[in-house]
Amino acid sequence: MKIIGPKSISTGLSYLFLTLFIILTIKSIYMFFTFGVGYYNWTYSQNFLSEIVEVAKTPQLVPYEFEVYFRFKYPFSNIQMMMGFFTLRTFVFHTFQPLFFCLFFFFTYKVFKELSQQNIFTTKIIKLLSIFSVINILYAPLLYFIWSYIFNANIDLSLLMTCFAFLFLGVIIFFIIAFFKKGYELQSENDLTI
């Protein structure tokens, strides 16, 4: 089986990444919705969708600086989706992560879709790879900033490795872009010669 071109492995991977993008987008929209419902319930002392959104004061025995905690469940089930303290910091972190991964899987899908075309050396794939590279490079310092400054958390090895991995991926993609640019130039010269 072919790796690139029509009816190749890249075609199957593009469908896989599209599926992951759709699932993560639906989950992210649901998460934003539950945060909104939780904020509404807490602000106006309501019990709207109380079977999936729980927002309450922490017990007095728990010596935390935050007073309000949340627990969100998946719809039509008793499975917990997330829980934590209901703060702006928590909202920023849980908004940042899904938005990045939605962009990550969307651009991965677009790149593999272009790789499944007959002609892979196009300006479109170069542009998509450039955007994908910038997204990965920006994710590393933003994650570090959110973790260390917004959460005031200690920097650990797993955070540094995650930041390094996405930074490294972004840099590697810049090298791949150089190969695609060279291939595009050679193909354009070949087309002009013919």
Side-chain angles (χ1 to χ4, degrees), residues 1-32 35 82 88-151 153-194:
M1 181 170 220
K2 299 185 295 183
I3 294 177
I4 56 175
K7 297 180 181 178
S8 64
I9 293 173
S10 60
T11 306
L13 286 174
S14 71
Y15 290 131
L16 171 68
F17 290 125
L18 177 62
T19 305
L20 290 171
F21 166 71
I22 291 170
I23 290 169
L24 192 58
T25 301
I26 291 169
K27 183 183 177 199
S28 299
I29 291 169
Y30 177 72
M31 185 194 66
F32 295 139
F35 267 114
M82 69 173 62
L88 182 60
R89 294 175 181 179
T90 307
F91 176 74
V92 167
F93 184 73
H94 287 295
T95 302
F96 172 70
Q97 291 282 73
L99 286 178
F100 166 74
F101 283 107
C102 283
L103 286 172
F104 182 88
F105 286 123
F106 177 73
F107 280 100
T108 307
Y109 153 69
K110 295 293 273 181
V111 166
F112 276 95
K113 184 180 176 193
E114 286 301 311
L115 288 174
S116 63
Q117 303 299 319
Q118 188 68 35
N119 182 8
I120 63 168
F121 297 109
T122 62
T123 56
K124 186 174 181 181
I125 196 165
I126 293 169
K127 183 179 176 183
L128 287 169
L129 284 169
S130 298
I131 295 169
F132 187 56
S133 178
V134 169
I135 288 170
N136 282 290
I137 288 174
L138 287 178
Y139 177 73
L142 286 174
L143 178 64
Y144 179 83
F145 172 77
I146 286 172
W147 194 257
S148 61
Y149 292 106
I150 292 180
F151 280 121
N154 294 331
I155 305 303
D156 61 350
L157 185 60
S158 64
L159 175 69
L160 291 175
M161 291 302 292
T162 302
C163 291
F164 177 76
F166 283 103
L167 191 64
F168 184 72
L169 178 62
V171 170
I172 291 295
I173 293 170
F174 270 128
F175 284 98
I176 294 170
I177 291 169
F179 289 116
F180 273 93
K181 283 182 180 176
K182 189 67 173 173
Y184 177 71
E185 290 171 8
L186 291 173
Q187 185 172 340
S188 298
E189 289 174 6
N190 192 23
D191 291 344
L192 289 173
T193 307
I194 294 172

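All values below were derived from every heavy atom in this structure, side-chain atoms included, with hydrogens, water molecules and symmetry-related copies excluded. Position 1 is the first residue of the sequence; numbering continues from there.
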- Task: Go through the steps for Leu143 and Phe96 under the test side-chain contact (heavy atoms from CB on, under 4.5 Å), then give the verdict.
- Result: CA-CA 8 Å; Leu143 178 64; Phe96 172 70; 4.2 Å; yes
- Query: Any donor-acceptor pair under 3.5 Å linking the side chain of Ser133 with the backbone of Leu129?
  - Reply: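 Not a single qualifying donor-acceptor pair exists.
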- Item | Atom OH of Tyr15 with >12 non-hydrogen neighbours under 6.0 angstrom |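 Result for OH/Tyr15: open.
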- Work out which heavy atom in Leu24 is nearest to a heavy atom in Pro98; give both atom names and the distance.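 Heavy-atom minimum between the residues: CD2-O, 4.3 Å.
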- Task: Specify the closest pair of heavy atoms between Ala140 and Leu167, including all atoms of both residues, with the distance to one decimal.
- Result: CB-CB, 4.1 Å
How long is the straight-line distance from [atom2] of [Y] back to [atom1] of [X], given to the nearest 0.5 Å?
X: Thr95; Y: Phe35; atom1: OG1; atom2: CZ; result: 6.5 Å
X: Ile23; Y: Cys102; atom1: CD1; atom2: SG; result: 11.5 Å
X: Leu160; Y: Tyr144; atom1: CG; atom2: OH; result: 7.0 Å
X: Thr25; Y: Leu18; atom1: OG1; atom2: CG; result: 9.5 Å
X: Gln117; Y: Ser14; atom1: CD; atom2: OG; result: 9.0 Å
X: Phe21; Y: Phe17; atom1: CZ; atom2: CZ; result: 13.5 Å

Is the shortest side-chain heavy-atom distance between [X] and [Y] below 4.5 Å?
X: Phe174; Y: Ile137; answer: yes
X: Phe168; Y: Ile172; answer: yes
X: Thr122; Y: Lys127; answer: no
X: Tyr184; Y: Asn119; answer: no

- Item | Aromatic ring pairing Phe101/Phe166, orientation class (parallel under 30°, perpendicular over 60°, tilted between) | perpendicular
- Message: Under the criterion side-chain contact (heavy atoms from CB on, under 4.5 Å), I'd like the reasoning laid out for Asn136 against Phe132: C-alpha separation, chi angles, the key distance, then a yes or no.
- Response: CA-CA 6 Å; Asn136 282 290; Phe132 187 56; 3.5 Å; yes
Would you mind writing out the side-chain donor-acceptor pairs for residues 103-116 within the sub-3.5 Å range, not counting sequence neighbours?
residue	atom	partner	partner atom	Å
Thr108	OG1	Phe104	O	2.6
Glu114	OE2	Lys124	NZ	3.4
Ser116	OG	Lys113	O	2.6

